[in-house]
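Input: a single structure, listed below in structure tokens.
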Amino acid sequence: MSHIVVTLTQQDGTVVRIDDATADESLMEAARRAGVAGIVAECGGVCSCATCHVYVAEDWIGKVGEPDEVEDEMLDMVDHIRRPNSRLSCQIRLSEAVNGLQAEVAPDL
Amino acid sequence: MASATTQEEQLIAEGTLLDPVVHKHPRQFYAAMRKLDPVHYDKSIDMYLISRWEDIQEIQRDPITYSVNKGYHEQQAKGFAEEFQQILREKGGGYFPDAIMSDPPYHTRVRKLMENAFTAHRVKELEPRIEAVVNGLIDEIEDRGEMDAVKDFAQPLTIRIICEQLGLDWHIKDRIARWSIAVTAQIGRMQDRAEMLEHAEQICDLQHYIIGKMRERQTDPREDMISDLVHAKEGDGEGSVLTFEEAVSLVRALLIAGNETTATALSNLVYILATQPEVLKKLQDSVDDDKLMNRFVEELLRIEPPVRALSRMTTKEVELGGALLPEGAHLLLMYASANDEPEVFPEPRHFDMERKNIIKHVSFGGGVHKCVGLALARMEIKVAARQLVRRLKNFRLAIAEDDIAFLPTVATRTMESLPVTFEKVA
Ligand code: FES
């Protein structure tokens, strides 16, 4: 399987480039493997905790898509740090279409 | 009159979770601990009570130093553990340690299997069914104008849903209520030997029932969670990845753990509707606003956490909250105290659905052991709140607030019954 590259900027400004992500994982899973700070993922990726929150870079929003209803409700809970480009990274499936994806890790609650 | 400080000092010196007064009104004790002794040794139960939010977070971030496996199983049937296990081995089909109450990396594998059953998306699909069950229960009580919120509403709702999910017959509902009390009492630290024997007998009955259903599904799998667990596979692996013993413990956990605590949350929901008219008014005005209803659920869980405390055990000497804990220290994480900490949640006794950090409460625990059924619990509470508010009004307690009795356990804060009156919305 060919590798997918994603780049995440942590809250402390550190940029983490993950160049061995694969199409069978979520952005959250790739970030956890790489030890990205701020991606806690307490619920294990089932869209129930909002501790995997990221801001997707403007250029990538179109490709990544909007949150569905369930994700939208979870993002509502973190209203005060929610932005139009907010997504829960456990709900972003990686694929060739998002190869090169860039996002910023949202702050802690 | 003694000053506030001396009163608090006295509480710390003499108070214990087993004291009936503290048990019923624990908040003063929590506040005194947070202020004067946040890692407080309670000698009556030989445990350290961890009362601050930040210290609880630190524990939850490190599941290796703070073992759930040791903490939970050490707590189980404390004082009678050997006899308890012996009874289950001889008369209950076996003693099955709780596979989910374990430590990583083993825990990670088991947890994954449970998570798949409870994703927020799967739970969303259950919403119409949950609504139908809630409406059915309200149909039965609406003309009566009164109910016991625990036995007529909360328990039948959660039991019905979990039975349908697992694939069990609804007519066992009374037995499930008894089994729940028996299992929960094992981590409650307030049972004497006679009660332990009675509870152990209930648990034997429970295990025989579960084992029977699992054997049926082994040969005749159906579309239900028991079949999923009996035939659980990981990736492309062959055969079940769980031993039969592990699967028994997981079915037992699903049937009891989530059930009892969600029922408690639903009773608390009715309690809030009956005692906080401004909250009720706000819900009546915004019952179709899903976002507000979700926030209501989180704030309900924060202000009245069903699980007041769960345990851990240290696997090495470690410093926590300014105290040095030895290896093998048995800890109780006081969720109800952390949720009540004014530095984290300003005006903690105020029911505020607009709180920014509304999901920072620890009512579902946290870290890798965060409640796996949280999406289902939230959905049941939300749908129940919505339908109760749509169809009924003028909720009132039918007994004096101080006469509400709680189950004797340090682990949960569960009302034994909650009689309320109400009227039909015209
Ligand atoms: S990991 Fe919990 S919502 Fe994404």
Side-chain angles (χ1 to χ4, degrees), chain A residues 1 10-12 22-54 65-84 86-93 105-109, chain B residues 53 57 60-61 63 104 107-127 235 289-299 301-302 344-345 353-362 364-379 382:
Chain A
M1 199 183 303
Q10 297 177 174
Q11 274 294 309
D12 64 4
T22 58
D24 61 359
E25 58 187 354
S26 67
L27 178 58
M28 178 278 276
E29 286 166 324
R32 292 281 296 158
R33 258 194 318 108
V36 175
I39 301 293
V40 182
E42 276 200 321
C43 77
V46 298
C47 201
S48 299
C49 72
T51 62
C52 65
H53 183 182
V54 296
E66 301 277 310
D68 66 16
E69 186 189 351
V70 173
E71 185 182 340
D72 186 53
E73 283 185 30
M74 202 61 231
L75 282 165
D76 268 345
M77 299 284 190
V78 292
D79 228 358
H80 61 298
I81 52 169
R82 182 174 185 175
R83 298 185 194 156
S86 280
R87 288 294 313 267
L88 296 176
S89 59
C90 68
Q91 301 303 304
I92 300 179
R93 280 276 128 212
V105 179
D108 284 349
L109 294 175
Chain B
W53 188 89
Q57 294 297 320
Q60 293 181 151
R61 277 194 292 265
H107 171 265
T108 317
R109 216 188 89 219
V110 175
R111 164 100 193 182
K112 203 80 229 156
L113 291 168
M114 304 281 269
E115 270 168 8
N116 296 335
F118 288 118
T119 68
H121 289 88
R122 276 187 83 163
V123 167
K124 182 80 187 166
E125 287 168 20
L126 294 178
E127 185 170 5
D289 178 351
D290 229 29
K291 179 173 167 181
L292 183 108
M293 295 307 287
N294 287 329
R295 290 188 154 260
F296 165 77
V297 172
E298 293 311 302
E299 183 65 351
L301 290 166
R302 184 196 67 80
V344 183
F345 305 102
M353 297 177 242
E354 303 302 324
R355 275 178 204 286
K356 284 198 169 134
N357 57 7
I358 200 150
I359 56 171
K360 264 176 104 166
H361 68 74
V362 286
F364 288 124
V368 301
H369 294 290
K370 189 163 187 140
C371 171
V372 70
L374 80 177
L376 180 59
R378 281 175 175 148
M379 182 62 86
K382 176 167 81 170

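Numbered from 1 within each chain, the chains take letters A, B, ... in sequence-line order. Computed from heavy atoms alone, side chains included, the values below leave out hydrogens, waters and symmetry copies.
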Legend entry - Side-chain H-bond candidate by donor/acceptor type, A/Asp68 with B/His121, under 3.5 Å: yes

Legend entry - Pair B/Lys124 + A/Glu69: basic N to acidic O under 4.0 Å: yes

Legend entry - Contacting moiety of B/Asn294, where chain A heavy atoms sit under 4.5 Å: both

Legend entry - Over 12 non-hydrogen atoms of neighbours within 6.0 angstrom of CG in A/Asp108: no

Inset, instruction - Give, as side chain, backbone, both or neither, the part of B/Lys356 having an atom under 4.5 angstrom from any heavy atom of chain A. - result: both

Legend entry - Region of A/Ala50 in contact with chain B, defined by heavy-atom distances below 4.5 Å: side chain

Inset, instruction - Go through the atoms of B/Arg122 and report whether side chain, backbone, both or neither lie under 4.5 Å from a heavy atom of chain A. - result: neither

Inset, instruction - Rounded to the nearest 0.5 Å, what's the gap from CZ on B/Arg355 to CG on A/Asp79? Could you check? - result: 15.5 Å

Inset, instruction - Can you tell which part of B/Arg61 gets under 4.5 Å to a heavy atom of chain A, answering side chain, backbone, both or neither? - result: neither

Legend entry - Any side-chain heavy-atom pair of B/Lys382 and A/Glu73 under 4.5 Å: yes

Legend entry - Inter-residue atom distance B/Asn357.CG - A/Ile81.CD1, 0.5 Å rounding: 10.5 Å

Inset, instruction - Find the distance between CG (A/Asp76) and CD (B/Glu298) and round it off to the nearest 0.5 Å. - result: 11.5 Å

Inset, instruction - Could you look at B/Lys291 and say if it's the side chain, the backbone, both or neither that has a heavy atom under 4.5 Å from chain A? - result: both

Inset, instruction - Determine whether B/Arg378 and A/Ser48 make a side-chain contact, defined as any pair of heavy atoms from C-beta on separated by less than 4.5 Å. - result: yes

Inset, instruction - Could you tell me which non-hydrogen atom of B/Ala120 sits nearest to which non-hydrogen atom of A/Val70, and how far apart they are? - result: CB-CG1, 3.4 Å

Legend entry - Test item: A/Glu42 side-chain N/O and B/Gly366 main-chain N/O as donor-acceptor pair under 3.5 Å: no

